[in-house]
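The structure appears below as structure tokens.
All residue numbers refer to positions in the sequence shown, counting from 1.
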Amino acid sequence: MVTEGALPDEITDLTSGYRRVPAGKIVNAVTWMEARAPVPGFAQPLAMTRIAKPASAAYRAIFLKIGAPWLWDRAAEMSDAEISAHFADPCQHLYYGRDESGGHVGMVEFRMADDNEIEITYFGLFPGLTGRGLGKRLMAGALDQ
């Protein structure tokens with residue numbers, strides 16, 4: 001018998017801290033971080049370009065290219081009208097990070113909450129650009145915003 005909120009024994013190994021994933025299932029992991037103050041000298045921020053009204057096809061292509069390795073699928077499931085409505089909300093912000101040559105390296109999407117908090121909902125670099133310190137610089141640019 002499984003109680004509400006408990007995982008069945010066949011997918012939980014509490015002694016090791018790992019969970020087995022049943023065949024045909026995938027894991028959805030959410031990571032939370034909180035920043036309450038700036039970190040001096042964190043990283044040289046990338047230049048950030050705000051995209052207030054992204055073209056649906058371009059947004060979808062960028063979102064999927066950056067997010068495919070991480071199983072991002074929201075943009076693939078949204079119609080052009082839904083993407084337009086999403087970014088018509090003044091609480092939604094989309095920024096593209098650019099390197100010194102002006103090349104597009106990644107994106108940051110965040111939502112401003114009523115209590116003046118900001119939630120970064122999507123953050124990522126184009127595949128092939130990882131391991132160069134650009135992620136830290138993209139985050140520094142996002143934090144500046």
Side-chain angles (χ1 to χ4, degrees), residues 2 4-8 11-14 16-145:
V2 176
E4 186 174 334
L7 292 169
I11 64 168
T12 305
D13 178 358
L14 297 177
S16 69
Y18 290 97
R19 295 188 177 139
R20 290 181 291 280
V21 179
K25 302 293 182 181
I26 63 170
V27 174
N28 180 13
V30 176
T31 303
W32 295 92
M33 298 182 341
E34 185 173 358
R36 294 180 177 251
V39 178
F42 175 65
Q44 178 65 37
L46 286 175
M48 303 295 283
T49 302
R50 179 154 187 215
I51 310 298
K53 295 180 181 180
S56 296
Y59 170 73
R60 190 177 293 110
I62 290 167
F63 184 97
L64 294 174
K65 184 166 186 165
I66 291 171
W70 312 109
L71 304 178
W72 294 2
D73 61 357
R74 185 197 68 186
E77 297 173 352
M78 295 172 78
S79 68
D80 290 354
E82 289 170 323
I83 290 172
S84 294
H86 177 72
F87 288 107
D89 179 345
C91 293
Q92 296 294 339
H93 292 251
L94 173 65
Y95 286 87
Y96 293 153
R98 303 198 180 275
D99 63 16
E100 289 73 20
S101 68
H104 185 175
V105 299
M107 65 170 274
V108 178
E109 191 173 325
F110 62 82
R111 178 171 179 71
M112 297 189 63
D114 295 333
D115 56 3
N116 216 19
E117 288 191 5
I118 297 171
E119 177 185 2
I120 296 175
T121 51
Y122 290 94
F123 174 93
L125 298 171
F126 282 107
L129 296 179
T130 59
R132 301 180 190 180
L134 292 170
K136 184 184 267 192
R137 295 186 61 208
L138 182 63
M139 180 59 76
L143 293 174
D144 280 356
Q145 300 309 313

Determine, step by step, whether Arg132 and Leu125 satisfy the side chain to side chain contact (heavy atoms under 4.5 Å, CB included) criterion, reporting the C-alpha distance in whole Å, the side-chain angles of both residues, the deciding distance to 0.1 Å, and the verdict. CA-CA 11 Å; Arg132 301 180 190 180; Leu125 298 171; over 6 Å; no

Is it the case that His93 and Arg111 place a side-chain donor and acceptor less than 3.5 Å from each other?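 Arg111 and His93 do not have a side-chain donor-acceptor pair below 3.5 Å.
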
Distance in Å, [X] [atom1] paired with [Y] [atom2], rounded so as to fall on 0.5 Å steps:
X: Ser84; Y: Asp89; atom1: OG; atom2: CG; answer: 13.0 Å
X: Ile120; Y: Leu143; atom1: CD1; atom2: CG; answer: 6.0 Å
X: Met112; Y: Glu119; atom1: CE; atom2: CD; answer: 12.5 Å

May I have the step-by-step check of side chain to side chain contact (heavy atoms under 4.5 Å, CB included) for Glu109 and His86, ending in yes or no? CA-CA 11 Å; Glu109 191 173 325; His86 177 72; 2.8 Å; yes

Below 30° counts as parallel, above 60° as perpendicular, anything between as tilted: where do the rings of Phe87 and Tyr59 land?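 Plane angle over 60°, so perpendicular.
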
Determine whether a donor-acceptor pair (N or O, by modelled atom type, separation under 3.5 Å) exists between the side chain of Arg60 and the backbone of Met78.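 Answer holds: yes.
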
Does Gly102 offer a backbone N or O that forms a donor-acceptor pair with the side chain of Asp99 under 3.5 Å?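 Checking the backbone N and O of Gly102 against the side chain of Asp99, a donor-acceptor pair under 3.5 Å is found.
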
Taking the ring centre of each residue, are Phe110 and Tyr95 less than 6.0 Å apart?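 They qualify: ring centres under 6.0 Å apart.
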
Heavy-atom side-chain proximity of Val105 to Arg98 below 4.5 angstrom: no

Which atom pair, heavy atoms only, marks the closest approach of [X] to [Y]?
X: Ile66; Y: Pro127; value: CA-CD, 4.2 Å
X: Ala75; Y: Phe63; value: CB-CD2, 3.3 Å
X: Leu138; Y: Gly97; value: CD1-CA, 3.8 Å
X: Gly135; Y: Phe123; value: O-CZ, 3.4 Å
X: Ala43; Y: Lys136; value: CB-CG, 3.4 Å

Check the pair Ile51, Met107 against side chain to side chain contact (heavy atoms under 4.5 Å, CB included), reporting the backbone distance first and the verdict last. CA-CA 10 Å; Ile51 310 298; Met107 65 170 274; over 6 Å; no

Evaluation steps, side chain to side chain contact (heavy atoms under 4.5 Å, CB included), between Phe126 and Ile62: CA-CA 8 Å; Phe126 282 107; Ile62 290 167; 4.0 Å; yes

Assess whether salt bridge (Lys or Arg N to Asp or Glu O under 4.0 Å) is satisfied between Arg137 and Glu100, documenting all intermediate values. CA-CA 12 Å; Arg137 295 186 61 208; Glu100 289 73 20; 2.6 Å; yes

